[in-house]
Amino acid sequence: MIYLDNAATTRKKPAAVYKAMLKTALLGGGNAGRGNGVLSLGAVRVIIETQEAAAELFGIEDESSIVFTQNATYALNMAILGTLKPNDHMLATVMDHNSVLRPAVRHGNYSIAGADSIGYVSPAAVRRRITDKTALVACTHVSNVCGTVQPVKEIAKAAHAGGAMFLLDCSQSAGSADIKVNDIGADMIACPGHKGLMGPMGTGILYIKEPERVEAVITGGTGSESESMAQPGAMPDKFHCGTMNIPAIAGLREGIRFILKEGAESIGAHEKELADEFRLNLMDMGGIIVYGRGDSGITAFNINGLESSETARMLGDEFAVRAGYHCAPLAHRALGSANGGSVRVSFGYFNTKRDMKRITDAVMRILKERK
């Protein structure tokens with residue numbers, strides 16, 4: 001099977017990721033912050049080392065402002081629901097994932113900025129929707145549907161001009177783009193560990209520039225200030241409740257170190273090179289709709305007259321792709337693919353030009369069979 005679903009999760013990880021997880025599981029086993037024994041302190045060391053690696057990757061000055069979560073969904077929920085007060089207004093965009101949209105709906109007071117037919121959200125569209133009640137603006141960096149890159153620096157400026165915080169969802173860009181929080185102007189960023197950062201499933205990152213402005217949605221045991229019934233305010237304990245998944249965090253550390261060594265921009269350039277050629281191949285075939293504008297390693301398309309699920313079925317077990325709505329229904333409305341979604345091919349660092357040529361040939365065969 002040729003794996004082309006890296007926007008969902010990277011399947012192949014650097015060898016160091018597996019080794020770190022195995023070593024930590026076999027030789028570790030301590031509970032971070034629960035005692036002064038060598039195993040507990042070793043678990044704390046894993047957390048700190050992973051924070052340091054993430055801080056280097058994202059240009060974060062204080063690594064203690066980085067907390068680890070189960071995934072990006074948890075990180076986004078923590079950021080959104082922890083920031084908004086009952087009368088606060090939140091602004092999201094049509095290109096956002098349900099991990100942003102559903103917490104916004106849960107809060108109740110929200111608006112949605114639109115996008116054009118290639119999935120681009122203009123800063124002007126954001127500015128028009130900001131009110132004097134807007135406390136938070138959230139935006140995805142790269143669309144998980146079509147790969148369009150959003151003007152997040154300008155959107156952050158618009159948020160700050162309106163007195164709101166800016167939350168960047170970099171689920172599809174972390175590990176393949178140069179993301180520096182101060183350069184972008186992000187007050188918070190959220191991303192999974194298992195996608196572009198090449199860590200294991202069950203890991204995520206939430207960076208909070210000003211932790212005092214965000215309430216802890218989940219409270220409980222932290223191993224610190226245990227004599228108090230109140231949640232600790234110190235970072236990262238404020239958001240690290242319960243036992244941390246130390247073997248997975250150790251794997252995430254090695255995934256981030258791999259990104260730092262290879263270079264996020266270099267990785268992104270490789271993925272985009274494959275996607276660009278695949279995109280051009282599709283457009284040359286005729287009878288195919290290609291969505292977005294080719295900004296990243298993600299390509300979304302449909303074959304005229306075929307449901308996206310049917311196209312994916314016809315690709316068979318030879319290719320792992322994603323069909324449907326990709327947990328972003330509003331994005332499909334903007335792109336014109338709301339009736340059945342689209343087929344998504346997402347290239348990763350370990351994919352090759354041969355993989356791209358084989359998926360191209362497979363799509364061509366489907367077209368010929370339908371004639």
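Values below: all heavy atoms of this structure, side chains included; hydrogens, waters and symmetry mates excluded.
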Peer 1: About how many Å separate CE of M21 and CG of L26, when rounded to the nearest 0.5 Å?
Peer 2: 11.5 Å
Peer 1: Are a donor atom and an acceptor atom from the side chains of S308 and N302 found within less than 3.5 Å of each other?
Peer 2: no
Peer 1: Check this for me: R102, atom CZ, are more than 12 non-hydrogen atoms of other residues, nucleotides or ligands nearer than 6.0 Å?
Peer 2: no
Peer 1: With the 4.5 Å side-chain cut-off for hydrophobic clustering, are L76 and V142 part of the same group?
Peer 2: no
Peer 1: For the CD atom of E52 and the CD1 atom of I60, what is their distance to the nearest 0.5 Å?
Peer 2: 12.5 Å
Peer 1: Considering residues, nucleotides and ligands other than N87, do more than 12 of their heavy atoms fall under 6.0 Å from its CG?
Peer 2: no
Peer 1: According to a 4.5 Å side-chain heavy-atom criterion applied to Ile, Leu, Val, Met, Phe, Trp and Tyr, with indirect links allowed, do Y18 and I246 form part of one hydrophobic cluster?
Peer 2: no
Peer 1: I'd like to know if the side chain of Q172 and the backbone of A7 have a donor-acceptor N/O pair within less than 3.5 Å.
Peer 2: yes
Peer 1: Please lay out, stage by stage, how E277 and K357 fare under the test salt bridge (Lys or Arg N to Asp or Glu O under 4.0 Å).
Peer 2: CA-CA 9 Å; E277 187 168 348; K357 289 180 178 178; 5.6 Å; no
Peer 1: Please walk me through it: do E61 and K209 pass side-chain contact (heavy atoms from CB on, under 4.5 Å)?
Peer 2: CA-CA 9 Å; E61 296 174 2; K209 183 178 181 179; over 6 Å; no
Peer 1: State whether the number of non-hydrogen atoms from other residues, nucleotides or ligands found under 6.0 Å of M229 atom CE is greater than 12.
Peer 2: no
Peer 1: Might you work through the side-chain contact (heavy atoms from CB on, under 4.5 Å) test for I66 and L206, ending with a clear yes or no?
Peer 2: CA-CA 6 Å; I66 297 168; L206 174 62; over 6 Å; no
Peer 1: How far apart are the closest heavy atoms of C170 and H141, and which atoms are they?
Peer 2: CA-CB, 4.2 Å
Peer 1: Hey, are the side chains of T10 and Y3 touching, using non-hydrogen atoms and a 4.5 Å cut-off?
Peer 2: no
Peer 1: Quick one: which residue pairs count as a side-chain hydrogen bond (donor to acceptor under 3.5 Å, both in side chains) with a foot in residues 66-86, not counting sequence neighbours?
Peer 2: T73-S99
Peer 1: Please say yes or no: joined through hydrophobic side-chain contacts below 4.5 Å, possibly via intermediate residues, are I267 and I179 part of one cluster?
Peer 2: yes
Peer 1: Under a 3.5 Å distance rule, please check whether K13 uses its side chain to pair with a backbone N or O of G199 as donor and acceptor.
Peer 2: yes
Peer 1: Mind listing the closest non-hydrogen atom pair of A275 and S296 along with its distance?
Peer 2: CB-O, 3.4 Å
Peer 1: K238 and P211: which non-hydrogen atoms are nearest, and at how many Å?
Peer 2: NZ-O, 2.7 Å
Peer 1: I want to check something: taking the side chain as every heavy atom from C-beta on, are F319 and D355 in contact at a cut-off of under 4.5 Å?
Peer 2: no
Peer 1: Are more than 12 heavy atoms, taken from residues, nucleotides or ligands other than D361, located less than 6.0 Å from that residue's CG atom?
Peer 2: yes
Peer 1: Between D96 and T140, does the side chain to side chain donor-acceptor pair (under 3.5 Å) criterion hold? Intermediate values first, please.
Peer 2: CA-CA 6 Å; D96 284 321; T140 186; 4.9 Å; no
Peer 1: Rounded to the nearest 0.5 Å, what separation is found between the CE atom of M356 and the CZ atom of R279?
Peer 2: 14.5 Å
Peer 1: Is atom CZ of R45 surrounded by more than 12 heavy atoms (other residues, nucleotides or ligands) closer than 6.0 Å?
Peer 2: no
Peer 1: Does a donor on one side chain and an acceptor on the other come within less than 3.5 Å for H326 and H97?
Peer 2: no
Peer 1: Is M90 close to S111 at the side-chain level, that is, under 4.5 Å between some pair of heavy atoms?
Peer 2: no
Peer 1: Knowing that exactly one of R11, R344, R322 qualifies, which makes a salt bridge (Lys or Arg N to Asp or Glu O under 4.0 Å) with D5?
Peer 2: R344
Peer 1: Classify the side-chain pair H160/D187 by whether it contains a donor and acceptor separated by less than 3.5 Å.
Peer 2: yes
Peer 1: Do F301 and S342 have side chains that get closer than 4.5 Å, going by heavy atoms?
Peer 2: no
Peer 1: Which heavy atom of M198 sits nearest a heavy atom of Y349, and at what distance?
Peer 2: CE-CB, 3.6 Å
Peer 1: Is atom CG of N304 surrounded by more than 12 heavy atoms (other residues, nucleotides or ligands) closer than 6.0 Å?
Peer 2: yes
Peer 1: Grouping I, L, V, M, F, W and Y whenever their side-chain heavy atoms are under 4.5 Å apart, do M283 and L306 come out in a common cluster?
Peer 2: yes
Peer 1: Counting distance only, does the side-chain N/O of S346 pair as donor-acceptor with the main-chain N or O of N6 below 3.5 Å?
Peer 2: yes
Peer 1: Is R358 paired with E318 through a side-chain N to carboxylate O contact shorter than 4.0 Å?
Peer 2: yes
Peer 1: Any donor and acceptor pair, going by atom type alone, linking the side chain of S40 with main-chain N or O of N36 inside 3.5 Å?
Peer 2: no
Peer 1: Are any non-hydrogen side-chain atoms of R333 and V94 less than 4.5 angstrom apart?
Peer 2: no
Peer 1: Nearest 0.5 angstrom please: I130 CD1 to R127 CZ, how far?
Peer 2: 8.5 Å
Peer 1: Is the backbone N or O of G220 less than 3.5 Å from a side-chain atom of Q231, with the two atoms forming a donor-acceptor pair by type?
Peer 2: yes
Peer 1: Looking only at the side chains, is there a donor atom on one of Q150 and Y120 sitting less than 3.5 Å from an acceptor on the other?
Peer 2: no
Peer 1: Does the side chain of L136 reach to within under 4.5 Å of the side chain of D88, using non-hydrogen atoms?
Peer 2: no
Peer 1: Please round to the nearest 0.5 Å and tell me the distance separating atom CZ of R34 and atom CE of M244.
Peer 2: 9.0 Å
Peer 1: Decide whether M314 and I303 are clustered together by the hydrophobic rule: side chain heavy atoms of Ile, Leu, Val, Met, Phe, Trp, Tyr closer than 4.5 Å, transitively.
Peer 2: yes
Peer 1: For the CG atom of L168 and the CZ atom of F58, what is their distance to the nearest 0.5 Å?
Peer 2: 9.0 Å
Peer 1: Step by step, work out the side-chain contact (heavy atoms from CB on, under 4.5 Å) result for V363 and L282.
Peer 2: CA-CA 8 Å; V363 174; L282 292 177; 3.9 Å; yes
Peer 1: So which heavy atom on E254 is nearest to which on A20, and how close?
Peer 2: CG-CB, 3.5 Å
Peer 1: We want to know whether N31 and T243 form a side-chain donor-acceptor pair, criterion being a heavy-atom distance below 3.5 angstrom.
Peer 2: yes
Peer 1: Report yes or no: does D276 contribute a side-chain atom to a donor-acceptor pair with the main-chain N or O of E273 at less than 3.5 Å?
Peer 2: no
Peer 1: Could you please spell out the steps behind the side-chain contact (heavy atoms from CB on, under 4.5 Å) verdict for V17 and L197?
Peer 2: CA-CA 11 Å; V17 172; L197 297 183; over 6 Å; no
Peer 1: Just wondering, do V145 and I298 contact through their side chains at under 4.5 Å, heavy atoms?
Peer 2: no
Peer 1: Measure the acute angle between the ring planes of F278 and F347, then classify it against the limits of 30° and 60° as parallel, tilted or perpendicular.
Peer 2: perpendicular
Peer 1: State, yes or no, whether a side-chain contact exists between K157 and P123 at a heavy-atom distance under 4.5 Å.
Peer 2: no
Peer 1: Hey, mind stepping through E310 and R313 against salt bridge (Lys or Arg N to Asp or Glu O under 4.0 Å) and telling me if it holds?
Peer 2: CA-CA 5 Å; E310 180 65 10; R313 186 194 66 78; 2.6 Å; yes
Peer 1: Okay, side chain of D116, backbone of G119: is any donor-acceptor separation there less than 3.5 Å?
Peer 2: yes
Peer 1: Looking only at non-hydrogen atoms, find the nearest pair between F166 and C139 and report the distance.
Peer 2: CE1-CB, 3.9 Å
Peer 1: Between H194 and T203, do the side chains contain a donor N or O and an acceptor N or O under 3.5 Å apart?
Peer 2: no
Peer 1: With salt bridge (Lys or Arg N to Asp or Glu O under 4.0 Å) as the test, would you mind laying out the steps for D178 and K180 before giving the verdict?
Peer 2: CA-CA 6 Å; D178 183 24; K180 296 294 185 286; 2.7 Å; yes
